[in-house]
Amino acid sequence: MSRLEAKKPSICRSDPLTGERARASLAALKGLVMSCYGPAGRLKQLHNGRGGSVVTTSQSAALLAGLPVSHPVLKVLTAAVRNHVACFSDGGLFTAILCCNLVENVQRLGLAPTTVIKLNKHLLSLCTSYLKSEGCACRIPVDFSSTQILLSLVRSILTSKPACMLIAKEVDHISTLILRAFLLTIPENAQEHIILGKSIIVPLKGQRVIDSAVLPGILIEVSEVQLMKILPIKKSDSFKVALFCVSLSGDLSDTGEGTLLVSYGVSLENAALDQLFNLGKQLVSDHVDLVLCQKVIHPSLKQFLRTHHVIAVDRIGVSLMEPLSKVTGTWPIGSLGSISPSSYGSVKDLCIAKFGCKHFFHLIPNKTTICSLLLCNRNDTAWDELKLTCQTALHALQLTIKDPYALLGGGCTETHLVAYIRHKTRNEPESVLRDERCSQTELQLITEAFCSALESLAGSLEHDGGEILTDSKYGHFWSVQANLPSAVNWPDLPSRCGCGLYSSQEELSWSFLRSARHPFPPQTCLSREATGSADTLTLDCFTAKLSGLQVAVETASLILDLSCVIEDTN
């Protein structure tokens, strides 16, 4: 087909960051993600002009998935953040805000991009080396023999998502369930290489959050009509299970563009049905108790199996096939031919459960690492947000097995890092100047831009006009109400720092965030007594935050290094 109009040439734009459109777009994205950050973050509603569902969220995964961006710079930034979230589930807003701050701060300096990129890389290395070191005062070791730190980590993730609409009692209940579901996925006889199981989230909307529960095994939803047709479930030592991933409806497979030759007088429907009955006879002769099918089972085959006291459940769906395979200890059967005896699996018990207005088959395994998290919430919007949050918390716990640490949250890690970097670069600049071949002025300018980006990120947690302070001993984040009186007793204002680790009753001195002050060495080597004394800490996932820090700095360097953008306008 010939083109209706001539193809337009591509547009090449040099210096994509210098234009007003780029700056306005970056500022708009930064303002959007900053307003969503933290437990007091403001919610956003996403919808399109053509109608459809409305998403209410403050999570980066949902926010960026429904946010159309057109500017090339924003496309690079959002793609990097979405890729980070796809790998680590948490820290998307942290990454996006820090990246925007770094780009904006460096733009004001007017330095050569190569110098900025080199020094930002060095400062990133300084941060990561410190966070991974034994002397880091932001890193808390996770003891899996105690649930205190793990519960604090899960609770911190839940409270940072206000669209879940949870009260304190519900946060505690869901946190306990998430931790219990995670522990059920760990094998009992775990060796050096642990293969985790899976937690399946089962929706139950319109119910009280407090009705949520965790059950070992798998819940398969069935209709009340389907349940009435099933004979009373017999009790035995175990149930023999056949799991099919092929359709048992008797439909002919798609031949594509080929031709199907059929002998005269042969009925394809009857031939397919005979094949299904032969399969059913083999299942009965092999003493199968339960037949599960990903797709559809023909009504006649269902009736035949029911007559011979075999339970048949169809329309399982592809999402449950892998967990069912692990629970039953078998691979799904993919043909209608003769079935090998090794193709069957088993479950310890099978019972019927009712939650709310829904009915379920509950498959209880012999030994497995599969569990079902029955998740309730008041409405569809709150449930969708809670489901995404629970998945994030479960993933954070899984990452903690590989790196058994957590980072202090509530802005304290960011402000502590700022104090550490400023002191390090001010007192030990020789190694940097020698290795990176830059002037001391350039080092101080870029260090200040880097630290200011971290401070601005910590300041994004305050959404109600309050004042933000940092102490000169630990370098932690402290928040107080706005419009303070002139004659104020500082220790009476903030009760605890952002992470909840330190109390204002100690002899501390404070200064306003981003105010001019002499660099000081923050106290390092966090004591175990300090972590054990705090009832509830605000924590962040160590692996996710460390990756978010690296992605933010590297993406900012990539954006600053862009010299031209070529766009196809056709």
Side-chain angles (χ1 to χ4, degrees), residues 33 37-38 59-61 77 79-102 117 119-144 149-150 152-154 156-157 160 392-421 424 450-451 453-458 460-461 475-477 498-499 501 522 524-526 531 537-558:
V33 291
Y37 192 49
Q59 298 198 51
S60 59
L77 197 157
V81 174
R82 292 181 67 180
N83 184 62
H84 164 79
V85 173
C87 294
F88 299 95
S89 298
D90 196 18
L93 294 176
F94 168 88
T95 307
I97 296 170
L98 180 56
C99 184
C100 291
N101 288 342
L102 286 170
I117 292 170
L119 291 178
N120 272 349
K121 184 179 179 181
H122 176 82
L123 294 173
L124 171 63
S125 176
L126 200 64
C127 291
T128 55
S129 298
Y130 175 67
L131 292 175
K132 292 178 180 180
S133 67
E134 293 298 325
C136 177
C138 304
R139 193 181 68 163
I140 295 179
V142 175
D143 182 7
F144 283 92
I149 299 298
L150 294 173
S152 295
L153 176 60
V154 175
S156 301
I157 294 174
S160 67
T392 300
L394 286 168
H395 195 184
L397 292 173
Q398 292 168 0
L399 293 172
T400 306
I401 290 184
K402 184 177 180 181
D403 290 314
Y405 300 99
L407 286 176
L408 299 177
C412 289
T413 292
E414 289 85 344
T415 53
H416 180 88
L417 270 179
V418 167
Y420 173 80
I421 293 169
K424 193 81 172 177
F450 191 93
C451 292
L454 284 172
E455 285 182 328
S456 179
L457 171 63
S460 302
L461 291 168
H476 275 221
F477 175 103
C499 67
L501 186 60
T524 58
C525 297
L526 191 65
T531 59
L537 291 175
T538 300
L539 300 175
D540 291 326
C541 176
F542 174 79
T543 308
K545 195 154 194 175
L546 198 63
S547 173
L549 179 63
Q550 293 172 325
V551 170
V553 176
E554 291 169 0
T555 305
S557 298
L558 176 62

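Positions are given from 1 along the sequence. Atoms considered below: every heavy atom in the structure, side chains included; atoms not considered: hydrogens, waters and symmetry mates.
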Within the side chain of T413, is there an N or O that forms a donor-acceptor pair under 3.5 Å with the backbone of L408? yes
Under 3.5 Å, side chain of T555 to main-chain N/O of A552, donor-acceptor pair present? no
Residues passing the side-chain contact (heavy atoms from CB on, under 4.5 Å) test with V85, sequence neighbours excluded, are S60, A61, V81
Can you list everything that forms a side-chain contact (heavy atoms from CB on, under 4.5 Å) with L558? Sequence neighbours excluded, please. V76
Shortest non-hydrogen contact from [X] to [Y]?
X: S156; Y: S152; answer: OG-O, 2.7 Å
X: S557; Y: N120; answer: OG-CB, 4.4 Å
X: C499; Y: G409; answer: CB-O, 3.2 Å
X: L399; Y: C541; answer: CD1-SG, 4.0 Å
X: I157; Y: A393; answer: CD1-CA, 3.8 Å
X: C99; Y: A556; answer: SG-N, 3.7 Å

Partner set under side chain to side chain donor-acceptor pair (under 3.5 Å) for S160, not counting sequence neighbours: none
Taking side chain to side chain donor-acceptor pair (under 3.5 Å) as the test, write out the residues that go with H476, two or more places apart. none
Candidate pair V142 and L153, rule side chain to side chain contact (heavy atoms under 4.5 Å, CB included), full reasoning: CA-CA 10 Å; V142 175; L153 176 60; over 6 Å; no
Could you grab the distance from atom [atom1] of [X] to atom [atom2] of [Y], nearest 0.5 Å is fine?
X: Y405; Y: L539; atom1: OH; atom2: CG; answer: 15.0 Å
X: L397; Y: T392; atom1: CG; atom2: OG1; answer: 11.0 Å
X: S89; Y: L394; atom1: OG; atom2: CG; answer: 9.5 Å
X: C127; Y: K424; atom1: SG; atom2: NZ; answer: 12.0 Å

Taking side chain as C-beta onward, heavy atoms only, is [X] less than 4.5 Å from [Y]?
X: I149; Y: D143; answer: no
X: F542; Y: T400; answer: no
X: K121; Y: E554; answer: no
X: F450; Y: L119; answer: no

Not counting sequence neighbours, which residues clear ring-ring contact (aromatic ring centres under 6.0 Å, His included) with Y37? List them please. none
With Y420, which residues qualify under ring-ring contact (aromatic ring centres under 6.0 Å, His included), at least two apart? Y130
Under 3.5 Å, which donor-acceptor pairs do the side chains of residues 543-551 form with other protein atoms, sequence neighbours left out?
| residue | atom | partner | partner atom | Å |
| --- | --- | --- | --- | --- |
| T543 | OG1 | D403 | OD2 | 3.2 |
| K545 | NZ | E414 | OE2 | 2.9 |
| K545 | NZ | D540 | OD2 | 2.6 |
| S547 | OG | H84 | ND1 | 3.2 |

Taking salt bridge (charged side-chain N to carboxylate O under 4.0 Å, His left out) as the test, write out the residues that go with D90, two or more places apart. none
